[in-house]
Amino acid sequence: MIFRALLLFLAFMVVKSVAVMEKQTYIVHMDKTKIEASVHSQDNIKPWFKSVIDFISEASLEEEERAPQLLYVYETSLFGFAAQLSNKQLEYLNQVDGFVAAIPDELLTLHTTYSPHFLGLQEGKGLWSASNLASDVIIGVLDTGIWPEHVSFQDTGLSKVPSRWKGACEAGTNFSASSCNKKLVGARVFLQGYEKFAGRINETLDYRSARDAQGHGSHTASTAAGNTVNNASFFGLASGSATGMRYTSRIAAYKVCWRLGCANSDILAAIDKAVADGVDVLSLSLGGIAKPYYNDSIAIASFGATQKGVFVSCSAGNSGPSSSTVGNVAPWIMTVAASYTDRSFPTQVKLGNGKFFKGSSLYKGKQTNQLPLVYGNSSKAQRTAQYCTKGSLDPKFVKGKIVACERGINSRTGKGEEVKMAGGAGMILLNSENQGEELFADPHVLPGTSLGASASKIIRSYIHSEKAPTASISFLGTAYGDPAPVMAAFSSRGPSAVGGDVIKPDVTAPGVNILAAWPPTTSPSMLKSDKRSALYNIVSGTSMSCPHVSGIAALIKSVHKGWSPAAIKSALMTTASISNNKGSAIADYGSKNSAFADPFAFGSGHVNPERASDPGLVYDITTKDYLNYLCSLKYTSSQIALLSKGNFKCAKKSALRAGDLNYPSFAVLFGTSALNASVRYKRIVTNVGNPKISYAVKVEEPKGVSVRVEPTNISFRKTGEKLSYKVSFVSNENTTVSGSSSFGSITWVSGKYAVRSPIAVTWQ
């Protein structure tokens with residue numbers, strides 16, 4: 001009997017454990033109109049979300065399940081809540097009138113001394129004039145937090161915090177309510193969703209507060225709006241004045257990212273709170289894979305933010321150069337790719353046969369002697385030795401030598417750490433053919449450098465063919481004047497996997513080797529063995545390009561306070577440059593077939609802040625326009641309700657097409673056998689330049705497509721006037737391979753104005 005009772009008890013515990021295991025965090029979207037009507041009709045004094053949770057709890061009492069655990073309530077940018085629910089509770093939730101959808105929570109990933117100069121910003125002039133910088137703009141940064149004591153975030157000389165600001169400075173581990181100031185006006189923490197995935201945050205590794213332990217958040221915040229700081233550098237490299245794009249802006253830090261990633265439920269709560277707090281611009285250097293907009297939490301929340309007049313800038317992702325890898329693709333989001341400036345950190349590798357190769361590194365030290373050169377996998381049978389992974393190198397084989405390591409598996413600086421721990425004297429990072437000629441400058445812990453694919457191929461051959469191969473590495477400091485911008489190979493590419501009717505990314509901005517603020521307690525290499533402390537670090541990624549555009553958007557918002565987020569976005573896109581500093585087309589380190597970049601790499605081109613402040617014309621888009629666009633995609637009423645919060649219905653008989661969205665670029669889709677197939681799109685431009693002005697159209701036709709614009713001339717009589725035009729695209733080919741694309745442009749020209757829209761035609 002005792003044995004039998006024990007078995008029954010164990011069986012009961014297993015069932016209970018399974019029930020607990022079944023619980024998952026869901027982001028629940030509700031129809032605001034229906035919920036509010038229900039609350040009013042019942043004279044309910046309880047908050048609406050409490051009524052919903054109570055209903056689910058009571059309905060699931062018979063199953064002896066724990067009550068749902070409410071994490072967040074969303075009421076500004078979206079309408080709903082985040083909660084832990086069992087499968088049964090999810091079924092009961094479906095019975096609630098006003099329920100729209102429940103999306104499982106997930107973890108997303110984190111995707112300047114010289115940048116302002118490269119972008120053409122000059123102290124006391126144009127966008128950086130005293131009058132423009134005096135107005136208050138608040139930039140909300142969703143990231144890993146911030147280091148509040150950093151000189152980039154001091155408030156010397158700033159006026160009082162604007163009364164419209166409703167944010168807070170939340171206290172936590174090593175972070176008090178007094179950590180904020182007139183520069184850092186708010187700091188909040190969002191971790192409930194993350195801790196459901198990863199357990200309670202280990203406070204020996206991270207701060208359970210807005211304080212930044214990883215460096216990423218401090219870096220992005222200072223890039224967007226950090227103070228001007230003279231004599232900033234990374235151990236003498238990139239020396240100069242560090243400054244944010246709009247260095248007089250206020251910063252509000254929303255910590256949503258932790259060591260394993262960023263939970264969607266936390267991100268949504270942060271966006272919702274940031275909009276309610278009163279931010280003007282939101283900067284998100286994070287994301288995941290592209291999804292349909294109704295299933296993309298960032299797209300849903302940013303739509304609500306845009307409705308409230310908040311400009312949202314997001315990183316495109318670091319999954320390039322493969323096609324259709326771009327993330328954050330909703331048309332109301334500014335999606336930012338990454339490119340190089342003309343500043344580099346060159347090295348020189350000299351082989352024993354007298355050949356020289358150019359590389360890149362942030363190592364600050366003396367050059368090596370001519371030393372024996374070895375390839376990692378020559379030491380042991382295990383394949384991972386060629387990647388210099390943890391414990392793979394034989395100290396007897398590598399001691400005192402320069403080790404050639406393949407990129408991949410572990411971090412680039414981590415490979416150098418392994419070489420150093422094994423007694424190696426230096427490291428050469430080898431690019432594969434797929435990794436191309438991209439050169440990363442990394443803060444190595446020993447003399448180390450990266451090399452491009454062509455040099456790497458020669459070095460592999462040299463090591464295997466020579467009996468006693470040798471090499472030396474020289475470090476040449478900071479250099480300027482390279483042809484730039486050049487697209488970074490890692491920058492994610494279009495076409496969008498979910499919305500081929502919109503070109504993504506939208507623009508590119510500096511995102512390689514960017515110097516910005518860094519926590520002094522976090523090593524620049526992020527390695528435990530690295531005991532160096534730096535106030536500024538040099539980092540690369542679309543995470544770095546995104547806050548450049550966030551800061552520039554804040555500059556434009558200062559000049560044009562009445563402009564919508566779509567108008568600011570249009571100005572940035574139509575004035576972007578497609579030429580480099582030498583007058584040639586922008587090159588692409590990720591391109592195999594061509595040396596030049598295309599709109600699926602850089603969107604409309606490289607941002608040009610001063611031109612964007614006076615674009616001549618803008619393509620504006622209203623909330624209704626976006627919702628009609630969703631109708632044209634054949635979204636269901638429930639799917640659209642996720643963004644509209646339930647107060648919008650598609651017209652029953654509508655001739656709307658996705659390509660008619662008033663977007664500042666043109667994406668055209670044809671079938672491969674569609675000879676003479678045609679599409680016709682409409683656009684509306686608003687005059688924001690001279691009151692009386694006429695424009696003539698200039699067309700660059702994509703290969704295989706004829707383009708006709710009607711009318712070819714437009715004349716405005718006043719500022720703010722809107723005029724429309726139509727564009728016909730006709731396919732002249734029917735043998736084009738599926739997935740191939742060609743590119744062109746439509747530019748409206750008048751004097752100093754050239755309002756350019758790229759065209760991307762894809763045969764599918």
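Quick note: residue numbers are just sequence positions, from 1.
Two residues are said to be in side-chain contact when any heavy atoms from C-beta on lie closer than 4.5 Å; Ile473 and Ile402 meet this criterion. The closest side-chain heavy-atom distance from Pro520 to Glu149 is not below 4.5 Å. A heavy-atom distance below 4.5 Å is found between the side chains of Ser152 and Tyr536.
The pair Asp277-Arg188 counts as a salt bridge, with a side-chain nitrogen and a carboxylate oxygen less than 4.0 angstrom apart.
Figure legend: Lys401 and Phe397 shown as a cation-pi pair, the cationic atom lying under 6.0 angstrom from the six-membered ring centre and within 45 degrees of its axis.
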Inset, instruction - Could you please spell out the steps behind the side-chain hydrogen bond (donor to acceptor under 3.5 Å, both in side chains) verdict for Asn202 and Thr204? - result: CA-CA 5 Å; Asn202 183 345; Thr204 65; 2.6 Å; yes

Legend entry - Chi angles and distances behind the ring pair (Phe, Tyr, Trp, His ring centres under 6.0 Å) call for Phe440, Phe490: CA-CA 10 Å; Phe440 283 103; Phe490 64 76; 5.8 Å; yes

Inset, instruction - Go through the steps to decide whether Ile138 and Ser249 satisfy the test side-chain contact (heavy atoms from CB on, under 4.5 Å), and finish with yes or no. - result: CA-CA 6 Å; Ile138 302 168; Ser249 284; over 6 Å; no

Inset, instruction - Applying side-chain contact (heavy atoms from CB on, under 4.5 Å), run through Val256 and Tyr194 and close with a yes or a no. - result: CA-CA 8 Å; Val256 297; Tyr194 176 82; over 6 Å; no

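The nearest pair of heavy atoms linking Ala263 to Gly193 is CB-C, 3.7 Å. Scanning all heavy atoms of the two residues, the minimum distance from Ala554 to Ile139 falls at CB-CD1, 3.8 Å.
Close placement of the Tyr363 and Phe475 rings is indicated, their centers lying within 6.0 Å of each other.
Here Gln214 contributes atom CD and Thr522 contributes atom OG1; the two are 8.5 Å apart, rounded to the nearest 0.5 Å.
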